Amino acid sequence: MSFFIPHLSQIYSESCKGQPNMGFSPISSLSFFLFLFHFHSTISSSDFCALDQSLSLLRFKESFSINSSASVLCQHPKTESWKEGIDCCLWDGITCDLKTGHVTVLDLSCSMLYGTLHSNSTLFSLHHLQKLDLSDNHFNFSHISSRFGQFSNLTHLNLNYSIFAGQVPSEISHLSKLVSLDLSRNYDLSLEPICFDKLVRSLTKLRELDLSNVNMSLVVPSSLMNLSASLSLLKLFGCGLEGKLPSSMGRFKHLKYLDLSINFYLSLEPISFDKIVQNLTKLRHLALDYVNMSLVAPNSLKNLSSSLSYLSLSGCGLQGKFPGNIFLLPNLESLDLSYNKGLTGSFPSSNLSNVLSLLRLSNTRISVYLENDLISNLKSLEYMSLRNCNIIRSDLALLGNLTQLTYLDLSSNNFIGEIPSSIGNNTFSNLKYLLLFDNLFNGTIPSFLFALPSLQFLNLHNNNLIGNISEFQHHSLVNLDLSSNHLHGTIPSSIFKQENLEALILVSNSKLTGEISSSICKLRSLEVLDLSDNSLSGSIPLCLGNFSSKLSVLHLGMNNLQGTIPSTFSKGNSLEYLDLNGNELEGEISPSIINCTMLEVLDLGNNKIEDTFPYFLETLPELQILILKSNNLQGFVKGPTADNSFFKLWIFDISDNNFSGPLPTGYFNTLEAMMISDQNMIYLNTTNDIVCVHSIEMTWKGVEIEFPKIRSTIRVLDLSNNSFTGEIPKVIGKLKALQQLNLSHNFLTGHIQSSLGNLTNLESLDLSSNLLTGRIPMQMAHLTFLATLNLSHNQLEGPIPSGEQFNTFDARSFEGNSGLCGFQVLKECYGDEAPSLPPSSFNEGDDSTLFGEGFGWKAVTIGYGCGFLFGVATGYVVFRTNKPSWLLRMVEDIWNLNSKNTKKNFRRYGARRN
């Protein structure tokens, strides 16, 4: 570099000044300057990359945008340092050859690049590349260009997790110098047999190959034998391999890392497995999860390499006695035998000298005895999970020897008795994760748990624990779940000092009392707050509306909370689930809820809210569940006031209020989610990393039940127990995905619309306790999923449809309709059965059906004519006789008689709710 010359000259002059008596001959001076010239020439030639390569890199940069979502694993936008006028060898991700200045290494991993990598990209002009890493970017489903095969000097190629698609080009096999190839986690990428054969035969220097999640379903496992014998790493996770793994896999004697997991139709036979494990003596990491090994004897595992440190055989179908000798592998650090339900037996009690730093035996039906000798020899154990086993011994005091544990998971077992306090905080001083949920532990929570200095995750959910929650002595908690126990007392103040707390779940401890302290709003990192189903009292802290921008779940339902709904929901919040059901909240529904633009569930039911219908909720773009039942809401529900109102709503429950006027026909035209069935059978869940399943209480098929999980296929419309009047609109037949429709206990009149026959997914229909007249439409007999029907206490008449589902309903579905006949009500129908109502049109205002009961237009015209003449005559008499008293008394008597009959009928048939 040119700036080195004055620097070295300065050193030369200073060295001369430092030695004034030392002379320099002309020859030595000449030699020095020749050295400087040579040094400058060498540095100058190696400092600057060629101009054409600099331009190629800049054009490559310009072909992509920087997008933060393009890189998931890490984010480092390296191309932002690429600027014209600066030597490209100094740019991030660039390494140049010291002599030629050619770019030899291009590392753009995690660079947030987004766009298509075309075959004419200037990237392919960098012919001297030896290492190329484009991993963790988003190349928008580009095909891997055949021009990759032109990088003849390439030794390392990494395209991992970069959203490539299509076929892997056969030209990759031209990279004869390739030592490492990683095309993994490109889920739309596939590799055909011919291409794979070319690849494995040509890449003779290959040491590392990772094709995980590349579709290789057509490649036969025997083709793997053509890979380089010097292979040290082979990862084919989730490639769709099918067939038997050959025993010749043992030829890869240098293999240290082998992962063939999640190839569900790949199998290993006993002879093949024995030969493989006997020959792979250098193997350190073996993962065969969900590879079929049902014929392999578990005892064969004892023959695995003594150098093995990681073994994962989850879901392999292993059967037989638990391989106790596996613990004698001297370097084993990680063991996962989960989901092998055929394993039996118990752990050995031999004197073990090995150290396990990880132990995972989750979901294995092993009868496990935690032997004293075993536990006492695992003093360096750091990770231990026995989740969902059949552990029958519960002496957890033996765990006191595991002083290095950081992760302990004994959840979903049958542990009984108390959690031993003898373990103490000195034993678990490094413990970060303690998961004991879904067991039968009883007694109080031992005090040492509240004193663990490093504890981050504590989950004791669903046990039989009693007593108070003590004060935590440290502030390291991230996730605390003590739900579904029998704890009592108040929430300790130390919980509100856990600055890193992300989830606080104390649901279903019915004796948990006291008020919710406003100090809870100091938990700025909180994502899930669930204090539901307790006996908490007082008011809701107003700050809960804006204290944490991360909060996604706020569930305070089923308590004794009073006061009003917080009115401080701020813009930009992340709230997805808001449930205040089952309290004593009063006042109005806060309009600030419209700031919760991510809200999916809003449940304010079973309170004392006094308000009109909250039309502003229509603007919430993600709202899927709205429950306002059992409040004091009143007035008309006129229908939508904005476009796309409630278009994602699939549970709409405003029952048991005081709404009046006609049914909200306008909404029936906008409830798009109730028009289309969802066949995915997914469950509504929060998007944050903390597992929290939404739950709601709802009247389902006439019974009030709790849904611990909300399935996305549920479609419910419940407008019952109000004062709605008028007819059932024909347009309701558009809601073809509805599973439950409840319009009972209103003042609805007119016929039952035949368009209800279009609701082919309907499982429950309740129209009881109204003023409906006419016949039951025959179209309803085709509702094949209908399991619950209630048409009782109306004024229906005529024959009850027979056949299919209607034959399964008894008299209770039709009682209180004296005009109905049929075997269901033990009343025979006489004469010809009159035809059912013709199909209804969805267009409101279509009155064609009004004349379908036997009167033609001529008869109607005559009737109207006679009525007109009678009215004119009556008016003339009234006018001439000055309101005769006999006529007024007659009209008043008829009016009073009708009014008394209406009230009497409603008292008799219970048209109003209890």
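Position 1 is the first residue of the sequence; numbering continues from there. All figures in this text were calculated on a predicted structure; none of them were measured in a lab. In what follows, every heavy atom counts, from backbone to side chain, and hydrogens, waters and symmetry copies are set aside.
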Measure from the side-chain N and O atoms of [X] to the backbone N and O of [Y], and report whether any donor-acceptor pair falls under 3.5 Å.
| X | Y | value |
| --- | --- | --- |
| Asp133 | Ser109 | no |
| Gln498 | Ser476 | yes |
| Asp530 | Ser532 | yes |
| Ser519 | Phe496 | no |
| His486 | His488 | no |

Contacts under 3.5 angstrom, residues 433-445 side chains, donor-acceptor by atom type, not counting sequence neighbours:
from   : atom 1 : to     : atom 2 : distance (Å)
Asp438 : OD1    : Asn462 : ND2    : 2.9
Asn439 : OD1    : Asn413 : N      : 3.2
Asn439 : OD1    : Asn414 : N      : 3.4
Asn439 : OD1    : Phe415 : N      : 3.2
Asn439 : ND2    : Leu410 : O      : 3.1
Asn439 : ND2    : Leu436 : O      : 3.1
Asn439 : ND2    : Phe437 : O      : 3.2

Quick one: closest heavy-atom pair of [X] and [Y], and the distance?
| X | Y | result |
| --- | --- | --- |
| Ser548 | Ser525 | OG-C, 4.3 Å |
| Pro566 | Ser592 | O-OG, 4.2 Å |
| Phe547 | Leu523 | CE1-O, 3.3 Å |
| Pro77 | Ile66 | CB-CG2, 4.3 Å |

Residues in ring-ring contact (aromatic ring centres under 6.0 Å, His included) contact with Tyr187, at least two apart in sequence or another chain: none

Residues which pass ring-ring contact (aromatic ring centres under 6.0 Å, His included) with His285, listed by chain and number, not counting sequence neighbours: Tyr257, Tyr310

Is the shortest heavy-atom distance from the side chain of [X] to the side chain of [Y] under 4.5 Å?
| X | Y | answer |
| --- | --- | --- |
| Leu236 | Ser212 | no |
| Tyr577 | Asp603 | no |
| Leu580 | Ile540 | yes |
| Leu620 | Leu626 | no |

Residues forming a salt bridge (charged side-chain N to carboxylate O under 4.0 Å, His left out) with Lys235, sequence neighbours excluded: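 Salt bridge (charged side-chain N to carboxylate O under 4.0 Å, His left out) check on Lys235 returns Asp210.
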
Any residue meeting side chain to side chain contact (heavy atoms under 4.5 Å, CB included) with Ser508, in chain and number order, not counting sequence neighbours: Ser484, Asp533

Residues which pass side chain to side chain contact (heavy atoms under 4.5 Å, CB included) with Leu542, listed by chain and number, not counting sequence neighbours: none

Verdict with supporting geometry, Leu649 and Leu623, side-chain contact (heavy atoms from CB on, under 4.5 Å): CA-CA 6 Å; Leu649 210 61; Leu623 194 63; 3.9 Å; yes

Residue pair Asn606 / Asn581, side-chain donor-acceptor N/O under 3.5 Å: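 Looking only at side-chain atoms, Asn581 and Asn606 do form a donor-acceptor pair, the distance falling under 3.5 Å.
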
CD/Glu499: more than 12 non-hydrogen atoms of other groups inside 6.0 Å: no

